[in-house]
Number of protein chains: 2
Amino acid sequence: MSFDGQLPPKTRLLRAAAELLANSGGAAVSTRQITQLAGVTAPTLYHHFGDKEGLFDAVVAAGFEEYVAGERDFAPSGHPLEDIRRMWDNHVQFGLNQPELYLVMFGNIRPESRPAIVADAEALMEEMLNKAAVAGQLNVQPREAARSILAANVGVTLMLIAEPATERNLELSTMTRDAMIFAVSADQASGTPEDSGKSSVVVAAIALNAALQASHSDQLSSSELKLFLEWLHRISNSSTS
Amino acid sequence: MSFDGQLPPKTRLLRAAAELLANSGGAAVSTRQITQLAGVTAPTLYHHFGDKEGLFDAVVAAGFEEYVAGERDFAPSGHPLEDIRRMWDNHVQFGLNQPELYLVMFGNIRPESRPAIVADAEALMEEMLNKAAVAGQLNVQPREAARSILAANVGVTLMLIAEPATERNLELSTMTRDAMIFAVSADQASGTPEDSGKSSVVVAAIALNAALQASHSDQLSSSELKLFLEWLHRISNSSTS
DNA sequence: TAGCACCTATAGCAACGCTATATGAAGTGC
DNA sequence: GCACTTCATATAGCGTTGCTATAGGTGCTA
């Protein structure tokens, strides 16, 4: 099979890279393999994508579209925290369905250089968590919650990918998922206010904060709003005891 | 600087690889760099370590000794769950102190091939969680808890490594850590028995299970013990509702 | 027809992981 | 003292990698 059709070389390169990546079985994919499958020579690749990583980034971007589409399709259920669960599961499933692509996206960590896609995924989850915050269901700032949940989500997915497919136990995922969501949710047993349950004023502050930032309210001047948000922020972060 | 001293070439190779890995700043480390710094030619490397990955594995093994030493030094505080917290923090700190080494150890994920070190780290954490289970402080099986906590621990550490050093916020770590530990611990607010709080009989069963496996009790025959453990296991996993 | 972007191909560089082969050193039996 | 095996290191080079200096072709506007 090859992509020698009438498609433009750029598209052929993208498809060839995606296909080789998906079927490489963990082995490295070389530019020569890609260009040969695409029916193109090396300089074409570097003309369109700069370097190998640029091509992979483009493949990743396409993969991320798919990922985001999956995340958004399941979104509006009315119960934000339930949507977060589905986002989590969709994330894991995406990783297990296309492990090579996932590893390029989330597994290629290098010091001090954050993959752009991580920020995108965080933003996506934060957006969802904001709805939970507005509904008063969140215990911590949406951004912190998103970072924390996504970190655990990536860790679990990487672990599952590394396991032999026959031994994969999705209970690891559901257990970690519920632990993280429960930890950031406001409806914990409110019987022990000193340890883990935050007081309702904190929850209210977080909800108000999220609502304010979402609505771009004009009822306060910008300087007033700034100070107000700073107070809220202080309250929200106070009882970390 | 070079390692041309009177040390044997094998040692010089290990030290050269470790040093280059620590100072590479994320860039790849080549065998030629290593052999040159060690004052040795290529075949010597392959004679002693088989291939590049073999050498890295050896470096990782040495790094893991250090990691384990750090984990064990802080261990016996009498409060197992507090020890788990310290294990978590030590894990993160190890990753941030030696990011390159950590990435070779935990970041080099490939499908269906689990790094041996992950299993070791899991065993280490499971061992610690067993103490918590014996003390009746655990909500789930120690093995499942260990896998879950370690997955989150690795995910958080990778995220922190990927961030610019100036932006690193350790709150991500402590927050995720406490979420995970709280989720597996038995002393959650027992006011809501239907949702997250497990009934005390389950906690007792898990504690008993851990105690039995630790003590190699002779008061039951092996077949009796086997059946008994099976029942315990069934009870422990029952109320996942 | 001339000029000008844009795109692609030829050919090849430097660096990579790794190895076939040979040489030196150290111990062992006679 | 001498052949013999064994282990450890070196010389030289193979095949592949990511990437590029240079040049040629194509289609557009003038």
Side-chain angles (χ1 to χ4, degrees), chain A residues 2-61 100-101 103-105 107-110 113 115, chain B residues 2-60 100-101 103-105 107-108 110 113 115:
Chain A
S2 73
F3 297 109
D4 298 321
Q6 44 281 69
L7 296 89
K10 190 169 179 177
T11 308
R12 277 185 281 161
L13 278 168
L14 275 173
R15 297 203 182 172
E19 175 172 328
L20 286 174
L21 217 49
N23 303 335
S24 67
V29 176
S30 72
T31 59
R32 281 175 170 81
Q33 286 177 282
I34 297 171
T35 54
Q36 180 180 346
L37 179 59
V40 157
T41 53
T44 305
L45 191 161
Y46 294 92
H47 172 73
H48 286 290
F49 299 101
D51 60 358
K52 185 184 183 182
E53 197 175 321
L55 171 58
F56 279 14
D57 284 349
V59 174
V60 162
E100 327 288 346
L101 182 58
L103 287 180
V104 173
M105 291 167 70
N108 199 14
I109 305 288
R110 280 177 308 165
S113 97
Chain B
S2 74
F3 296 110
D4 298 323
Q6 44 281 70
L7 295 89
K10 190 169 179 178
T11 307
R12 276 184 282 159
L13 278 168
L14 275 173
R15 297 202 183 171
E19 175 172 328
L20 286 175
L21 216 49
N23 303 335
S24 67
V29 177
S30 72
T31 59
R32 282 175 169 82
Q33 286 177 279
I34 297 171
T35 54
Q36 180 180 346
L37 180 59
V40 157
T41 52
T44 306
L45 191 161
Y46 294 93
H47 173 71
H48 286 291
F49 299 100
D51 61 357
K52 184 185 183 181
E53 196 175 320
L55 171 58
F56 279 15
D57 283 349
V59 174
V60 161
E100 327 289 345
L101 183 58
L103 287 180
V104 173
M105 290 166 72
N108 197 13
R110 280 177 307 166
S113 94

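So that the names make sense, note that chain A is the first sequence line, chain B the second, and so on, each numbered from 1.
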Would you mind reading off the distance between Asp51(B) atom CG and dC16(C) atom P, rounded to a whole angstrom?
17 Å
Testing the basics here: between Ile34(A) and Ala16(A), what is the closest heavy-atom pair and its distance to 0.1 Å?
O-CB, 3.8 Å
When the distance from CG of Leu13(B) to P of dG17(C) is rounded to whole Å, what number comes out?
13 Å
Comparing nearest nucleotides in DNA chain C, the 5'-proximal residue of the pair Gly50(B), Lys10(A) is Lys10(A)
Identify which one of Thr31(B), Thr35(B), Val29(B) satisfies the side-chain contact (heavy atoms from CB on, under 4.5 Å) criterion when paired with Gln33(B).
Val29(B)
note: Arg32(B), atom CZ; dA14(C), atom P; distance rounded to Å ~ 13 Å
Taking the side chain as C-beta and beyond, is there a heavy-atom pair between Thr41(B) and Thr44(B) under 4.5 Å?
yes
In this structure, how many angstroms lie between the P atom of dT16(D) and the CD atom of Gln33(A), rounded?
11 Å
What is the distance, to the nearest angstrom, from the CD atom on Gln36(A) to the P atom on dT16(D)?
12 Å
Would you indicate whether the side-chain heavy atoms of Val59(A) and Phe49(A) approach each other to under 4.5 Å?
no
Presence of Ser30(A) side-chain N/O under 4.0 Å of dT17(D) phosphate oxygens OP1/OP2:
yes
Of the candidates dT9(D), dC18(C), dT20(D), the side chain of Pro9(B) sits closest to dT9(D)
Considering only heavy side-chain atoms of Thr44(B), the closest of dT10(C), dT19(C), dA10(D) is dA10(D)
State, with a plain yes or no, whether a side-chain heavy atom of Leu14(A) is found less than 4.5 Å away from one of Leu55(A).
yes
Between dA15(C) (P) and Lys52(B) (NZ): distance, integer Å:
15 Å
Under 4.0 angstrom between His48(B) side-chain N/O and dC7(D) OP1 or OP2:
no
Just checking Ala28(A): base, sugar-phosphate only, or nothing, at a heavy-atom cut-off of under 4.0 Å?
nothing
Between Thr31(A) and dT17(D), is there a contact of a side-chain N or O with OP1 or OP2 at under 4.0 Å?
no
Has His47(A) got a side-chain N or O lying under 4.0 Å from the OP1 or OP2 atom of dT8(C)?
no
Round to the nearest Å and state the distance from Phe49(A) atom CZ to dC19(D) atom P.
13 Å
Spacing of Tyr46(A) atom OH relative to dA11(C) atom P, expressed in whole Å:
19 Å
